[in-house]
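Heads up: the structure comes next, in structure tokens.
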There are 2 protein chains.
Amino acid sequence: MSKQPPPVRTEPTAAGAACCPPIWQGNLSTEAAAALAPAFKALGDPVRLRLMSMIASASGGEICVCDLTPGFDLSGPTISHHLKTLREAGLVEADRRGTWVYYRARPGLLRQLAALLTVDEPASV
Amino acid sequence: MSKQPPPVRTEPTAAGAACCPPIWQGNLSTEAAAALAPAFKALGDPVRLRLMSMIASASGGEICVCDLTPGFDLSGPTISHHLKTLREAGLVEADRRGTWVYYRARPGLLRQLAALLTVDEPASV
DNA sequence: ACGCTGATTTGAGAGCTGTCAAGCTAGAGC
DNA sequence: GCTCTAGCTTGACAGCTCTCAAATCAGCGT
């Protein structure tokens, strides 16, 4: 995971600021594509997509790994690996509180992805 | 590509009908995750993301492969391979017209992905 | 019919990905 | 300090992905 292009960038831009216009409105630059593709890739696995959903919809905005794991027929290390992938993609962040680790969604990047895909001209169909 | 779970389903539902609530509003079912992940996976490559953008934003709603290929430093077969991936994910459709093949976006699935990611409660952050 | 151009398919190789078992680190509690 | 639990890291392996070269298929012109 260290040979990939720079994972993303969600810090400098205000969280939620769109980085690019919707794909319907103009060609995505090579740079923008390289920056956003890893996030889509991270969501491109059923396990991670479900993890992302569980984290994003957690009441209180965060959820313990111990509450994520039982939802899957997978070993702990495997879940941990998927969580790491989501973390490195900039989609979630974790912090340890005592014995437990809590995960929280980072809405900024998700908002960018949603904006990119949003179909705002239903006329062409 | 034939061992994967059923690629998607965009036909029966009216194009654009949301299949699931946003990930912020509740846990995605295993089935929904399995159905949508391949679409995210298809977008999880910079080349395909850019192809998708070029196709979606094409004037007239469609674009010839011959106009897509020169935008990349990749061989024809490789572009063809990526287009096939997008096609199998249900994101685009192609049809041949004479010597040329034209690609067109299928907005239904994209709308579902956008709806899934849309952050509609900025209060929790 | 023949050859030409545009696009896809096939075959092959290097590299990445998902998974688990085994081992390790961080805190809590005794 | 020791031990227990929660979670992460490492190592290994099967399977998938990205890429290209070579071969193939589909139409168009002549």
Side-chain angles (χ1 to χ4, degrees), chain A residues 1-5 7 30 33-34 37-52 54-55 58 62-89 91-104, chain B residues 1-5 7 30 33-34 37-52 54-55 58 62-89 91-104:
Chain A
M1 283 291 176
S2 54
K3 302 177 184 177
Q4 291 279 89
T30 306
F40 282 118
K41 190 174 188 175
L43 295 175
D45 179 286
V47 173
R48 287 195 294 265
L49 193 52
R50 215 141 70 79
L51 281 170
M52 189 67 226
M54 292 169 83
I55 295 169
E62 56 185 16
I63 186 169
C64 173
V65 174
C66 61
D67 288 329
L68 292 170
T69 309
F72 300 86
D73 275 344
L74 292 171
S75 69
T78 299
I79 297 294
S80 203
H81 161 71
H82 284 303
L83 287 171
K84 182 178 186 179
T85 302
L86 288 173
R87 233 184 306 129
E88 289 179 343
L91 291 166
V92 303
E93 60 190 352
D95 77 318
R96 170 161 230 133
R97 199 151 339 123
T99 310
W100 297 279
V101 176
Y102 291 85
Y103 277 77
R104 192 172 330 107
Chain B
M1 284 287 177
S2 53
K3 303 177 183 176
Q4 292 278 88
T30 306
F40 282 117
K41 189 174 188 175
L43 295 176
D45 179 285
V47 173
R48 285 194 295 265
L49 194 52
R50 214 141 71 80
L51 280 170
M52 189 68 225
M54 293 169 83
I55 294 168
E62 57 185 15
I63 187 169
C64 174
V65 173
C66 61
D67 289 328
L68 291 170
T69 309
F72 300 85
D73 274 346
L74 293 171
S75 68
T78 298
I79 297 295
S80 204
H81 161 70
H82 284 303
L83 288 171
K84 183 179 186 179
T85 303
L86 288 172
R87 234 184 304 129
E88 288 179 343
L91 291 165
V92 303
E93 61 190 351
D95 79 318
R96 172 159 228 133
R97 198 149 341 122
T99 311
W100 298 279
V101 175
Y102 291 85
Y103 277 77
R104 192 172 330 107

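Here the structure is a predicted model, which is why all the values come from computation and not from measurement. Letters A, B, ... mirror the listed sequences (proteins, then strands); counts begin at 1.
Comparing A:T78 and B:C66, the nucleotide of DNA chain C nearest to each residue sits closer to the 5' end for B:C66. For the pair B:T69 and A:D73, both in contact range of DNA chain C, the more 5′-proximal nearest nucleotide belongs to B:T69.
With sequence neighbours excluded, no residue forms a side-chain contact (heavy atoms from CB on, under 4.5 Å) with B:S80. The side-chain contact (heavy atoms from CB on, under 4.5 Å) search around B:C66 returns B:C64, B:W100, not counting sequence neighbours. Every side-chain contact (heavy atoms from CB on, under 4.5 Å) that A:T30 has, sequence neighbours left out, goes to B:R50.
Dashed line: the shortest gap from a side-chain N or O of A:H82 to OP1 or OP2 of C:dT19 is under 4.0 Å. The side chain of B:K41 places an N or O atom within less than 4.0 Å of a non-bridging phosphate oxygen (OP1 or OP2) of D:dT17. OP1 or OP2 of C:dG18 sits under 4.0 Å from a side-chain N or O of A:R48. A close approach under 4.0 Å does occur between a side-chain nitrogen or oxygen of A:S75 and OP1 or OP2 of C:dC20. Contact between the side-chain N/O atoms of A:K84 and the OP1/OP2 oxygens of D:dG7 is not found at any separation under 4.0 Å.
Rounded to an integer number of Å, the gap from CD1 of A:I79 to P of C:dA21 is 14 Å. To the nearest angstrom, P of C:dT8 lies 12 Å from CD of B:E88. Separating the CG atom of A:L49 from the C1' atom of C:dT17 is a distance of 17 Å, rounded to the nearest angstrom. At whole-Å resolution of the value, CG in A:D45 and P in C:dG18 are 5 Å apart. One interatomic measurement links the two molecules: CZ of A:F72 to C1' of C:dT19, which rounds to 14 Å at whole-angstrom precision. Atoms CG (B:D95) and C1' (C:dG6) sit 15 Å apart, rounded to a whole Å. Note: CH2 (A:W100) to P (D:dC4) measures 17 Å, nearest angstrom. Distance CZ (B:R96) to P (C:dT5): 16 Å, rounded to an integer number of Å.
A:Y103 comes within 4.0 angstrom of the backbone, heavy atoms only, and of no base. Backbone-only engagement by A:L74 is indicated by non-hydrogen atom pairs under 4.0 Å involving sugar-phosphate atoms exclusively.
Every pair tested for salt bridge (Lys or Arg N to Asp or Glu O under 4.0 Å) that includes a residue from residues 63-87 of chain B fails, sequence neighbours excluded, so the list is empty.
Nearest to the side-chain atoms of A:H81 among the listed nucleotides C:dG18, D:dC8, D:dT19 stands C:dG18. Comparing atom distances between the B:S80 side chain and each of D:dA6, C:dT8, D:dC8 picks out C:dT8 as nearest. Distance from the side chain of B:P77 is smallest to C:dT9 among C:dA21, C:dT19, C:dT9.
Of all non-hydrogen atoms in A:P38 and A:A89, the two that sit nearest each other are O-CB, 4.2 Å.
In this structure, the side chains of A:I55 and A:L83 come closer than 4.5 Å at one or more pairs of heavy atoms. Using a 4.5 Å cut-off on side-chain heavy atoms (C-beta onward), B:T85 and B:D45 make no contact.
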When you compare the protein's N or O atoms with those of nucleotides 28-30 of chain D, which come within less than 3.5 Å of each other, and at what distance?
none

Side-chain polar contacts of residues 91-99 of chain A - donor-acceptor pairs under 3.5 angstrom, sequence neighbours left out - could you list them?
| from | atom 1 | to | atom 2 | distance (Å) |
| --- | --- | --- | --- | --- |
| A:E93 | OE2 | A:R104 | NH1 | 3.0 |
| A:D95 | OD1 | A:R104 | NH2 | 2.8 |
| A:R96 | NE | A:G98 | O | 3.3 |
| A:R97 | NH1 | A:E62 | OE2 | 3.1 |
| A:R97 | NH2 | A:E62 | OE1 | 3.2 |
| A:R97 | NH2 | A:E62 | OE2 | 3.1 |

